[in-house]
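Lettering of chains follows the sequences in order, A, B, ..., and the numbering in each one begins at 1. Keep in mind it's a predicted model, so treat the numbers as computed, not measured.
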Amino acid sequence: MLDPKLLRESPELVRSAIAKKHLNVDLDEVQQLDKRWRGLLTQVEALRAQQKSVNGDMSQLAKGSPEFLAKVGEMKSLKTEVKTQEAALKDAETAWQDAMMSLPNIPHESVPEGKMDADNVIAATHGDVNAVSAHAKPHWEIDGFENLFDFPRGAKVTGAGFPYYIGDGAKLVRALIHFFLEEAGQVGYTEVNPPIFVNAASATATGNLPDKEGQMYETVVDQLYAVPTAEIPLTNFFRDEILPEADLPVQRCAYTPCFRREAGSYGKDVRGLNRLHQFDKVELLKWVHPSQSYGELENLRGDAERLLQKLGLPYRVLLMCGGDLGFAQAKKYDLEVWSAGQERWLEVSSCSNFEDFQARRARIRFRNCDNKPELVHTLNGSGLAVPRVLAALLENNLQEDGTVKLPEVLVPYFGRDTVSFG
RNA sequence: GGAGAGAUGGCAGAGUGGUCGAAUGCGUCUGACUCGAAAUCAGAUUUACCGGCAACGGUAACGGGGGUUCGAAUCCCUCUCUCUCCGCCA
């Protein structure tokens, strides 16, 4: 959520933000709702002040005295008036809040103009896409793939997009998770093992609710949501809290399975490990001082990039344009790994600075040098999503004999340097 | 799952219908005393929103929501969470 003061003091800034993100929001209406709410609030507060004052008088009077009874009459009429005004205020407030929620975060000035993914700017490329295996093929076409990754049985037991990982397949997943967590720990992220179901309040604070896209799985009886990303339980850890300034930046990482319904996304990019309903991911989170957040975004991006470098996977970094930037992000980099078999880029991380947009909703603050609570800036990024990294590893490192040679860094975690599909 | 108890400010803990944003203690901060510190004394010490350039003024908040009442921290309902006992279970 944006600072309501921003809308009042610099509406043109909000207007240009909406334009840059290519969204369609009636800002005039939001401003009107704001005005209406404030007007009603003033009225109701004046009435309440009157109530309090009369009530104060009453406490001085003898109960049952004529003066007392007269005040009771006065209070009764005040009561009905307050009741009707309050109802109007509540409606106005709800409408105003909904309207405020419809305002996107302001893109940072360094965010390029653009409408869609084709307008994203390639900020960096690393590695040579031509230097990978000459034997590369889509991972699902590798001989014996089904021995390590069993989709049909997953579909039988649960549904499409819930594969079984078997033998070396399972071990590879575990090795990658372990590698990612160890690397994150090395650069100062404290490991957290969070709940993987969250309540409505938490999902709302991070903006996952209201779930317009039907993205999340919801439990029937308890109204809990299976996390689509560890970002939700991690960010909400400090919800409604005030952190000591000296603790900033706080850095945490978590491995969780992630659950996404992916409603509406069909097509050929769903083959194999490309898009799953359940997948494993390590998420990196930072809570930082507002003055540090853009430097920290670069650090975060670097932390994610280093993983791909160590794995020897060619990748590129996209700086998202205004139109392809999410609703809540002020600036975002996507990391895409080269998938040699599919000859396409696969998104494996998305590193974002939310500034205080998330923190306002979740009320995460720190005590600044004036000893006043101030909103922190939050950042998060994947470090990394497992299945697509796995896909790239299998494709890019496929050898002539049909086995896959693993990068050195994974050997301590996997135990061997070769994956066989037999 | 069954029975019971509870939830108050940074913490502890009073308050069972009227001037209670809330006693008291601890903590924290400022000042005095001191060469300095401790102890002591004095004062201060929640947050959010609205109005205001500001000083400041107003409103709200005693786990959440709803109700009773002229008036609710206090009474009623409900939800959540915590604790104790029993049952069950990895």
Side-chain angles (χ1 to χ4, degrees), chain A residues 1-11 30-101 103 193-205 209 218-225 233 236-247 356-376:
Chain A
M1 189 173 148
L2 280 180
D3 187 350
K5 288 196 182 75
L6 198 65
L7 179 65
R8 289 168 202 154
E9 288 160 14
S10 351
V30 182
Q31 285 177 305
Q32 271 180 11
L33 289 170
D34 183 44
K35 219 170 167 181
R36 177 160 77 101
W37 169 67
R38 284 193 288 167
L40 283 167
L41 183 64
T42 307
Q43 283 180 44
V44 167
E45 288 189 348
L47 282 171
R48 288 209 189 117
Q50 207 182 332
Q51 269 185 319
K52 274 176 80 163
S53 143
V54 177
N55 193 42
D57 296 343
M58 285 178 74
S59 64
Q60 310 284 9
L61 296 169
K63 268 183 201 161
S65 68
E67 296 92 338
F68 187 90
L69 292 174
K71 295 286 186 191
V72 170
E74 192 178 335
M75 288 288 271
K76 273 187 176 171
S77 67
L78 266 176
K79 184 190 186 176
T80 39
E81 199 178 343
V82 166
K83 220 164 190 173
T84 50
Q85 291 281 56
E86 264 180 346
L89 176 65
K90 200 171 181 180
D91 287 350
E93 183 163 13
T94 308
W96 170 73
Q97 268 172 353
D98 289 351
M100 282 306 298
M101 295 285 202
L103 299 179
N193 188 335
I196 60 168
F197 286 91
V198 294
N199 58 31
S202 297
T204 305
L209 280 180
E218 182 181 354
T219 63
V220 177
V221 288
D222 296 301
Q223 299 250 311
L224 295 175
Y225 299 86
N236 276 280
F237 185 90
F238 292 118
R239 175 150 56 88
D240 294 320
E241 293 189 29
I242 298 175
L243 308 170
E245 184 171 6
D247 286 5
D356 63 11
F357 196 83
Q358 265 188 343
R360 181 169 295 104
R361 242 177 150 169
R363 289 179 304 279
I364 305 170
R365 296 171 291 173
F366 69 100
R367 224 167 258 290
N368 65 19
C369 51
D370 294 328
N371 213 33
K372 284 283 165 200
E374 183 180 335
L375 294 166
V376 300

(Q) For a quick check of understanding: with a heavy-atom distance under 4.0 Å over all strands, which category does Lys35(A) fall into, base, sugar-phosphate or nothing? (A)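 Counting heavy atoms under 4.0 Å across all strands, no contact is made by Lys35(A).
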For the atom pair [atom1] ([X]) and [atom2] ([Y]), what is the distance rounded to the nearest 0.5 Å?
{"X": "Trp37(A)", "Y": "Thr42(A)", "atom1": "CH2", "atom2": "OG1", "result": "9.0 Å"}
{"X": "Asp91(A)", "Y": "Arg36(A)", "atom1": "CG", "atom2": "CZ", "result": "7.5 Å"}
{"X": "Gln97(A)", "Y": "Met101(A)", "atom1": "CD", "atom2": "CE", "result": "6.5 Å"}
{"X": "Leu40(A)", "Y": "Lys35(A)", "atom1": "CG", "atom2": "NZ", "result": "13.0 Å"}
{"X": "Asp240(A)", "Y": "Arg365(A)", "atom1": "CG", "atom2": "CZ", "result": "8.0 Å"}

Whole angstroms only, please: what is the [atom1]-[atom2] distance between [X] and [N]?
{"X": "Gln223(A)", "N": "rC79(B)", "atom1": "CD", "atom2": "C1'", "result": "13 Å"}
{"X": "Gln60(A)", "N": "rG71(B)", "atom1": "CD", "atom2": "C1'", "result": "14 Å"}
{"X": "Leu375(A)", "N": "rA48(B)", "atom1": "CG", "atom2": "C1'", "result": "12 Å"}
{"X": "Asn199(A)", "N": "rU80(B)", "atom1": "CG", "atom2": "P", "result": "12 Å"}
{"X": "Met100(A)", "N": "rC49(B)", "atom1": "CE", "atom2": "C1'", "result": "13 Å"}
{"X": "Leu47(A)", "N": "rC50(B)", "atom1": "CG", "atom2": "C1'", "result": "15 Å"}

Q: Go through the steps to decide whether Val376(A) and Asp356(A) satisfy the test side-chain contact (heavy atoms from CB on, under 4.5 Å), and finish with yes or no.
A: CA-CA 6 Å; Val376(A) 300; Asp356(A) 63 11; over 6 Å; no
Q. If every non-hydrogen atom of Ile364(A) is compared with every non-hydrogen atom of Phe238(A), which pair is closest and at what distance?
A. CG1-O, 3.5 Å
Q | Gln31(A) to Pro11(A) - nearest heavy-atom pair and separation | A |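 Where Gln31(A) meets Pro11(A) most closely, the heavy atoms are NE2-CB, 3.3 Å.
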List every contact pair, protein side and nucleotides 45-47 of chain B side both N or O, where the distance is under 3.5 Å.
residue	atom	partner	partner atom	Å
rU47(B)	OP1	Arg367(A)	NH1	3.3
rU47(B)	O3'	Arg365(A)	NH1	3.2

Q | Worked check of side-chain contact (heavy atoms from CB on, under 4.5 Å) between Ile242(A) and Phe366(A) | A | CA-CA 5 Å; Ile242(A) 298 175; Phe366(A) 69 100; 5.5 Å; no
Inter-nucleotide [atom1] distance ([N], [M]), Å rounded:
{"N": "rU30(B)", "M": "rU80(B)", "atom1": "C1'", "value": "41 Å"}
{"N": "rG9(B)", "M": "rC20(B)", "atom1": "C1'", "value": "13 Å"}
{"N": "rA14(B)", "M": "rA38(B)", "atom1": "C1'", "value": "31 Å"}
{"N": "rC50(B)", "M": "rA39(B)", "atom1": "P", "value": "43 Å"}

Q: Would you please test Asn236(A) and Val198(A) for side-chain contact (heavy atoms from CB on, under 4.5 Å) and show each step?
A: CA-CA 9 Å; Asn236(A) 276 280; Val198(A) 294; over 6 Å; no
(Q) So if I define the base as every atom that isn't primed, P, OP1 or OP2, how would nucleotides 52-64 of chain B read as a B/S/- string at a heavy-atom cutoff under 4.0 Å? (A) ------BBS----
Q. If only atom types and distance count, is the side chain of Thr94(A) paired as donor or acceptor with the main-chain N or O of Lys90(A) below 3.5 Å?
A.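 Looks like yes, one N/O pair under 3.5 Å.
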Minimum side-chain heavy-atom gap [X]-[Y] below 4.5 Å:
{"X": "Val30(A)", "Y": "Met100(A)", "value": "yes"}
{"X": "Pro66(A)", "Y": "Leu69(A)", "value": "no"}
{"X": "Arg48(A)", "Y": "Glu86(A)", "value": "yes"}

Q) side-chain contact (heavy atoms from CB on, under 4.5 Å) between Phe197(A) and Asp222(A): does it pass, once the steps are laid out? A) CA-CA 10 Å; Phe197(A) 286 91; Asp222(A) 296 301; over 6 Å; no
Could you give the side-chain donor-acceptor pairs of residues 70-85 of chain A under 3.5 Å, partners two or more places apart or in another chain?
residue	atom	partner	partner atom	Å
Ser77(A)	OG	Glu74(A)	O	2.9
Thr80(A)	OG1	Lys76(A)	O	3.4
Thr80(A)	OG1	Ser77(A)	O	2.8
Thr84(A)	OG1	Thr80(A)	O	3.4
Thr84(A)	OG1	Glu81(A)	O	2.9
Gln85(A)	NE2	Gln43(A)	OE1	2.6

Q.
Here's a test of your reading of the structure: between Gly56(A) and Asp34(A), which maps to the more 5' nucleotide of RNA chain B?
A. Gly56(A)
Q: Would you kindly compare Trp37(A) and Lys63(A) by the position of their nearest RNA chain B nucleotide and give the one closer to the 5′ end?
A: Lys63(A)
Q) Got a sec? Which of residues 76-89 of chain A come in under 4.0 Å of RNA chain B, heavy atoms? A) Lys76(A), Lys79(A)
Q: Could you list by number each residue of residues 65-75 of chain A showing a heavy-atom separation from RNA chain B of less than 4.0 Å, or answer none if no residue does?
A: Phe68(A), Val72(A), Met75(A)
Q: Taking Watson-Crick and G-U wobble pairs with both distances under 3.5 Å, convert RNA chain B into its dot-bracket string, 5' to 3', dots for unpaired and | for cross-strand pairs.
A: ((((((((.[[[..)..(.....]]]((((((.......))))))((((((....)))))).[[[[[..)....]]]]])))))))....
